[in-house]
Amino acid sequence: MPSTCLTPREVLARYHQAMIDRSADDLADLYADDAAHAFPFRVPGAPERLDGREEVRAFYRAAWGDSPVRLTKIEDVVVHPAADPEVIVGEWVGVGSLNPDGRPFRATGLLLGRVRDGKIIDMRDYMDVFGTYGALGRLRAMVAVFEEQQTS
């Protein structure tokens, strides 16, 4: 009998769709109960890591609810082969607009994840923080907070 578990590539495709749909529930449902989601490229005031499906859900619900970014598509997806069949490495470019004026928006990122039994158990989320905050007009404020944290 064939397995009904999602493959790592299918999980990545659903992850990208949840980003476009801004669905924290669809995204969180891709995670195992005790999964970890790390942000190695830190943003001041944002968590370094999310522990468990419900932290993922709460974080993205809040982040997407407040964000002026509206992704319309994920393009230039490149999935790099990995020797371990549980590992997925995917580059992507998110394309959309910024509310309220509709200015174009592009963000690049890389996801490095481990999927077991159709669920994400570990995700490392590398996003172009400077490009994203620059597009939002918040780069100087973000750098100022980062500099303040470094001196305190």
Side-chain angles (χ1 to χ4, degrees), residues 3-96 98 105-136 138-139 141-150 152:
S3 171
T4 58
C5 289
L6 296 174
T7 67
R9 281 181 183 256
E10 291 168 330
V11 168
L12 182 63
R14 290 188 185 193
Y15 190 106
H16 287 156
Q17 190 61 51
M19 290 171 59
I20 292 167
D21 296 342
R22 294 169 52 118
S23 175
D25 290 329
D26 289 350
L27 184 72
D29 289 346
L30 295 171
Y31 285 77
D33 289 339
D34 59 350
H37 185 116
F39 300 97
F41 295 159
R42 293 289 320 277
V43 175
E48 190 173 327
R49 177 184 161 108
L50 305 171
D51 290 308
R53 176 187 300 144
E54 296 314 313
E55 279 192 22
V56 169
R57 187 182 320 276
F59 174 81
Y60 280 99
R61 184 171 287 143
W64 288 338
D66 293 341
S67 176
V69 175
R70 298 295 183 261
L71 292 180
T72 55
K73 61 183 171 179
I74 304 288
E75 60 184 27
D76 299 333
V77 175
V78 177
V79 176
H80 298 278
D84 185 332
E86 290 184 340
V87 172
I88 186 85
V89 180
E91 295 180 66
W92 56 271
V93 176
V95 178
L98 296 171
F105 176 83
R106 289 178 65 84
T108 59
L110 182 135
L111 294 167
L112 169 59
R114 179 173 294 278
V115 176
R116 183 173 297 143
D117 298 326
K119 296 289 185 184
I120 297 168
I121 60 170
D122 185 56
M123 184 64 76
R124 298 180 65 77
D125 189 340
Y126 298 88
M127 196 166 121
D128 177 11
V129 173
F130 289 105
T132 299
Y133 274 75
L136 294 169
R138 299 180 188 163
L139 184 56
M142 193 251 318
V143 170
V145 170
F146 181 76
E147 287 175 335
E148 183 179 306
Q149 288 178 348
Q150 297 304 306
S152 48

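Please read these numbers as outputs of a predicted model, since none were measured by experiment.
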Heavy-atom side-chain proximity of Leu6 to Val115 below 4.5 angstrom: no

side-chain contact (heavy atoms from CB on, under 4.5 Å) evaluation trace for Ile20 with Gln17: CA-CA 5 Å; Ile20 292 167; Gln17 190 61 51; 4.1 Å; yes

Arg53 and Val56, any side-chain heavy atoms less than 4.5 Å apart: no

ring-ring contact (aromatic ring centres under 6.0 Å, His included) involving Tyr126 - partner list, sequence neighbours excluded: Phe41

Asp84 atom CG: more than 12 heavy-atom contacts under 6.0 Å: yes

Residue list, ring-ring contact (aromatic ring centres under 6.0 Å, His included) with Tyr31, at least two apart or on another chain: His37

Beyond-backbone contact of Leu111 with Met123, side-chain heavy atoms, under 4.5 angstrom: yes

Residue pair Ile88 / Tyr15, side-chain heavy-atom distance below 4.5 Å: no

Over all atoms of both residues, closest heavy-atom pair of Val11 and Gly118: CG2-O, 3.8 Å

Nearest atoms (heavy-atom pairs only) where Arg49 meets Glu55: O-OE1, 4.2 Å

Shortest non-hydrogen contact from Ala18 toward Asp26: CB-CB, 4.1 Å

Distance, nearest 0.5 Å, that separates CD of Glu54 from CZ of Arg61: 8.5 Å

Side chain to side chain donor-acceptor pair (under 3.5 Å) involving Thr108 - partner list, sequence neighbours excluded: none

Name of the residue among Lys119, Arg114, Arg9 meeting salt bridge (charged side-chain N to carboxylate O under 4.0 Å, His left out) with Glu86: Arg114

Flag side-chain contact, heavy atom, 4.5 Å: Thr132 against Leu136: yes

Other residues, nucleotides, ligands: >12 heavy atoms within 6.0 Å of Arg57 CZ: yes

Closest heavy-atom pair and its distance - Pro44, Val145: CB-CG1, 3.2 Å

Side-chain touch Glu91/His80, heavy atoms, less than 4.5 angstrom: yes

Check against side-chain contact (heavy atoms from CB on, under 4.5 Å), Val89 and Val79: CA-CA 6 Å; Val89 180; Val79 176; over 6 Å; no

Distance, nearest 0.5 Å, that separates CG of Leu71 from CE of Met19: 5.5 Å

Gap between atom CZ of Phe59 and atom CZ of Phe39 - 0.5 Å precision: 4.0 Å

Which atom of Arg138 lies closest to which atom of Pro68, heavy atoms considered: NH2-CD, 4.0 Å

Rounded distance [0.5 Å steps], CD in Glu10 versus SG in Cys5: 10.0 Å

Closest approach of Gln149 to Gly45 (non-hydrogen atoms, all atoms of both residues): NE2-N, 4.0 Å

Euclidean distance, Ile120 CD1 relative to Leu12 CG, rounded to 0.5 Å: 8.5 Å

Residues Phe105, Arg70; criterion side-chain contact (heavy atoms from CB on, under 4.5 Å); working and verdict: CA-CA 8 Å; Phe105 176 83; Arg70 298 295 183 261; over 6 Å; no

Atom pair CG/OG1 of Asp117 and Thr4 - distance to nearest 0.5 Å: 10.0 Å

